[in-house]
Amino acid sequence: MNDHSPQDTQPRREERVFGVACSFRSVAEIFHAAERIRDAGWKKWDVYTPFPIHGMDAAMGLPRSSIPRVTLLAGITGFVTGCLLTWYTNSFDYPLIVGAKPYWSVIYPFPVLYECTILFAAFGTFFGQFIFNRLPRHHHPLFDVPQFIRVSDDAFMVVLEVTDPHFGNPDKAYDFLASLGGQDITLVRD
Amino acid sequence: MSDSRSPSAWSARWPLLAAIAAVCIGTVYGFAFFTPLEEGARNQMSLLYGAMFWASVLIGVLMLTMITRLFDAGWAPIIRRSWEFLLPALPIVILLGVAPLAFNPSVRHAVWEWTSATDHAAHAKSWFLNEPFLLGRIGFYIVAFGGLGWALRHWSFRQDGDRTAGHTHTLHAISAAGVPVAALTLTFLAFDCLMALSYHWFSTMYGVWFFTLSIRMALSVTVILTHLLSTRGWLGGMLNQAHRHVLGCLMLAFTVFWAYISFSQYFIIYNANIPEETFWYNIREIDAVTGEKSQWWWVSMFMVFGFFLLPFILLLFYRTKIIASRIVAVASLIFVGGLVDLWWNAIPRKIHDHSEVGFHVNDFLVPQLGLDLLAVLGFGALVFAIFLRTVRNAECIPVHDPRISESLEYHE
C-alpha cells in the first residue's frame, strides 16, 4: 500500500511536521475526497483549489464564520461608547444647551451614535478577521512544497494537519490519503 | 408537478379574485362618493389609502424589475417573471383609486385642501398645486407607469417565443432610461397623493422615503408570493435557499435605508425647529389641545420599534434569511409595518374646531380603519386577479433568458 519514496515519507529527527499534502486531478475527485475526510471526523485540514468550488463548504463540513458575532459585539460597544461620549461631554462634564435641544437625548447625537456603531463594527470585523485568520503571517509551510504552486493553476490539493487528533503518524495519514485516491503524497515540514 | 400547481390551474381562479375586488372596491366607492363630505375626508381617504398602498408595492416591483435588469442579477430571472406578471396592475390601481377622487370636483376639494385654500402658502405654490396641472400629472403617472410596465413585459415575454438574446439588451436599455423616469414619477406621485395632503408642509426627503417604502413592500410581497408559489405553485423545486438569502439581504438593506431616510427627515426638521415644518410631526405625537401624547404617538413608536428595530435585528441573523418560515414571518411583519407607515403619513390632519388652538387632529382608531383594510383587500384582490390573468401570456419562468440556468442554480 505504502509505496512512496522513503526520503519523502520520514521526517528527519529535528524537523517538525506541519502535515501531509496530496493532489487530486479534478473537482469531482477532490469534492468526494473532502466529503470522506469530513465523514472520518477530521477538523484540522484544508482544501486548496485554483477557483472557488460551489458546495465545498458543506462538503468540508465547515461551519459559518464567527466574524459576524465579533461585528455585532463591536457595533454594540460602539453605540454604547457614542452614548457615553455624548452624555459625558454634553450633559455631565460641561452641560451645554445647543440649539435649544436637551443636554442629552437619543435624537440629537444620533449621527454620532450610529457613526460610532459603524466605525467600531468595521474595526471589529477587520481586526477580528486578522485574529481569526492569524494574520499577519509572512510565511507558510506549504510554500516549501514544490507542487503547491500548481493550485493556482490546475491542481487541487488537500492538506491534513498534524494538529488533528486523527493524524497519529505520517504513515497513517499517507495511507488514508492514498485510500482516497490522492496523488503526489508529500510530507509538509514546518 | 401535479396539475393543481400548474400556472393554468392557478390562472383559472382569477374570476374569484376579481369578484372579491369588485365587492370590496365597490363598497369603498360607496363610502367615498355617496356619503356626505366632511373636513378631513376620512371616508374618501380609504380609497386613496388602499390604492396608494398597492401602488407602492407595484412601484417597488417596477423598480426591482429594472434594477435587476441593470445589474444583470444572476439570481433574478425566475423571480422577475412574477414581477412582470404584477406590472400591468400598477396603472389600473392608480386609475381606479386616485383618478376618481381627483376628477370629482367636490371630492377633490375635500381630499386636497389646497384646491380650495386661499392663504399665502397655497398662492405661492399655485404654479405647481393647481387643479388642471394635478389632473394632467395623474394622467402622466398612469401613462408613464403603464408604458414602462408594458415595455418591460413585452420584450421579456417575446423572448419566450423567439429565443432572441438581443431582447435582454433591449430591456437593459429600457431599464437604463426607465429608472430615472420612474424615480421622478414616483416622487411626484408621493408629493401629490401624500405630501400635498398637508400642503403647508414640505420635505425634500419625501420622494426617497416613498421609494424605500415601495421597495420594502415589494420585497415583502415577493418573499410571501414566491414562498406560496414554491410550496403550492409553479416555483416548486426552483426557489432555493440562496434566493431567500438574497431577498433577505435586500430586505435588511432597505430596512436600514428606510430608517436612515425616515430619521433624516425627522432630524433635519427637529434641528431646524421651524414651526411650518415641525407641526407635521407635532400632529403625529401630541394632542394639540391637552399637550398629552395622542394615539398617533403609539403609532410612531410602532414605526421605530416594530417597523425598524425588530425586523433589523431579526434580519441580521443568517438563519432568519434562509429558513422559509422565518423569512416569511419577517416579511409579514414588514408588510403590516408598511400599512402602518402609510396610515401614519396619509391620515393625520388638522380638523378645524372651536377649541383654544382652533383645531384638533383626527384619531388613529376610528371605524374607517376597517374601510381602509377593505380597500387594501379589494385592491390586493384586483392586483392578484390581474397577476393570474397575465400568467397565461407567457411562460411561468423566462425559459430563454440568457441567465435562466444561473438563476435556477443560484448559489450563495
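Naming: A, B, ... by sequence-line order, numbering from 1 per chain.
Other residues, nucleotides and ligands place more than 12 heavy atoms under 6.0 Å from the CZ atom of F364(B). Residue F130(A) qualifies as enclosed at atom CZ: its count of foreign heavy atoms under 6.0 Å is above 12. Under a cut-off of 6.0 angstrom, the local environment of OH in Y88(A) is sparse, with at most 12 non-hydrogen atoms contributed by other residues, nucleotides or ligands. Atom OH of Y94(A) has 12 or fewer heavy atoms from other residues, nucleotides or ligands within 6.0 Å. The number of heavy-atom neighbours closer than 6.0 Å to CG of L62(A), taken from other residues, nucleotides and ligands shown, is above 12. Residue R69(A) places its CZ atom among 12 or fewer non-hydrogen atoms of other residues, nucleotides or ligands, all under 6.0 Å distant.
Taken from CD1 in I53(A) to NE2 in H411(B), the straight-line distance is 11.0 Å, to the nearest 0.5 Å. For the atom pair S65(A) OG and Y318(B) OH, the distance stands at 12.0 Å (nearest 0.5 Å). Note that the CZ atom of R319(B) and the CZ atom of R64(A) stand 10.5 Å from one another [nearest 0.5 Å].
For Y114(A), the part lying under 4.5 angstrom from a heavy atom of chain B is the side chain only.
Contact record, F263(B) with I107(A): CZ-O, 3.8 Å, taken as the closest heavy-atom pair. Residues K101(A) and N271(B) come closest through the heavy atom pair NZ-O, 3.4 Å.
Checked against a 6.0 Å centroid threshold, the rings of F110(A) and F267(B) do not count as neighbours.
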